[in-house]
A.B. asks: 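Okay, here's the structure, questions in a sec.
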Amino acid sequence: MTVTGTAADSGGGVVARVEVSVDGGTTWKATTGTGSWSYKWTPTTPGPVDIKVRAVDDSVNIGAVTTMPLTVGPQP
C-alpha cells in the first residue's frame with residue numbers, strides 16, 4: 001500500500017522531511033519526497049489503523065500531527 005500526501009510550511013520555510021507513523025506515534029519513518037510525498041507500507045493485520053503524518057521544516061520545527069484513519073481489508 002502506498003500512502004501519499006502534500007506538505008507545506010505555513011511560516012514560509014522549507015519542508016525538510018515528512019514522517020509517518022503506523023504505530024500510534026511510537027516510531028516515525030521518513031517518506032519519499034517533501035512537498036509531495038509517498039510512503040510504502042505493508043500492513044500486517046486487517047482492521048482499523050490510524051496513520052499519523054508530520055512535517056519537519058528546515059529549522060527542525062516539527063509541525064502538527066495529522067491523523068488519517070483507514071481500514072485495512074483482508075490480505076489475499
Side-chain angles (χ1 to χ4, degrees):
M1 164 185 302
T2 301
V3 181
T4 63
T6 59
D9 185 341
S10 61
V14 175
V15 175
R17 71 178 183 271
V18 178
E19 301 172 330
V20 174
S21 175
V22 295
D23 60 6
T26 301
T27 60
W28 293 88
K29 305 290 184 184
T31 65
T32 300
T34 53
S36 293
W37 56 266
S38 65
Y39 179 73
K40 290 187 181 192
W41 173 57
T42 303
T44 55
T45 58
V49 64
D50 286 334
I51 296 178
K52 296 182 179 292
V53 181
R54 66 185 184 188
V56 181
D57 72 10
D58 56 348
S59 296
V60 195
N61 297 307
I62 299 173
V65 174
T66 299
T67 302
M68 302 182 304
L70 61 88
T71 301
V72 175
Q75 302 300 310

A.B. asks: OG1/Thr66 to CZ/Arg54 distance, rounded to the nearest 0.5 angstrom?
C.D. replies: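 Answer for the OG1-CZ pair, Thr66 versus Arg54, is 12.0 Å.
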
A.B. asks: What's the shortest heavy-atom distance between Ala7 and Ala55, and which atoms?
C.D. replies: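 It is CB-CB, 4.2 Å.
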
A.B. asks: Just by distance, do the side chain of Thr31 and the backbone of Gly33 share a donor-acceptor pair under 3.5 Å?
C.D. replies: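 Present.
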
A.B. asks: Give the minimum heavy-atom separation between Thr4 and Ser38, together with the two atoms involved.
C.D. replies: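 Heavy-atom minimum between the residues: CG2-CB, 3.8 Å.
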
A.B. asks: For the residue pair Val65 and Trp28, establish whether any side-chain heavy-atom pair is separated by less than 4.5 Å.
C.D. replies: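 Contact flag for Val65/Trp28 side chains = yes.
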
A.B. asks: Applying the 4.5 Å side-chain criterion to the ILVMFWY set and letting contacts propagate, would Tyr39 and Met68 be lumped into a single cluster?
C.D. replies: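 Yes; tracing contacts between hydrophobic side chains, which count when under 4.5 Å, links both residues.
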
A.B. asks: So, do Ser21 and Lys29 sit near enough that their side-chain heavy atoms are less than 4.5 Å apart?
C.D. replies: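 No, every pair of side-chain atoms sits at 4.5 Å or beyond.
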
A.B. asks: Val22: what forms a side-chain contact (heavy atoms from CB on, under 4.5 Å) with it, not counting sequence neighbours?
C.D. replies: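 Partners of Val22 under the side-chain contact (heavy atoms from CB on, under 4.5 Å) test: Val20, Trp41, Ile51.
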
A.B. asks: Hydrophobic cluster membership, with links at side-chain heavy-atom distances under 4.5 Å among I/L/V/M/F/W/Y: are Val15 and Val60 in one?
C.D. replies: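 Unlinked, Val15 and Val60 end up in two clusters.
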
A.B. asks: Are any side-chain N or O atoms of Ser36 and backbone N or O atoms of Thr6, one a donor and one an acceptor, separated by less than 3.5 Å?
C.D. replies: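 Side chain of Ser36 to backbone of Thr6: no pair is present.
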
A.B. asks: From Lys52 NZ over to Glu19 CD, what is the distance, rounded to the nearest 0.5 angstrom?
C.D. replies: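 Answer rounded to 0.5 Å: 14.0 Å.
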
A.B. asks: Do Trp37 and Leu70 belong together in a cluster built from hydrophobic side chains that touch within less than 4.5 Å?
C.D. replies: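 Both belong to a single hydrophobic cluster.
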
A.B. asks: Test of understanding: with side-chain contact (heavy atoms from CB on, under 4.5 Å), list the residues that count as partners of Asp50, not counting sequence neighbours.
C.D. replies: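 Per chain and number, Asp50 pairs via side-chain contact (heavy atoms from CB on, under 4.5 Å) with Thr67, Pro69.
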
A.B. asks: Under a 4.5 Å cut-off applied to non-hydrogen side-chain atoms, are Val14 and Asp9 in contact?
C.D. replies: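 No, side chains not in contact.
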
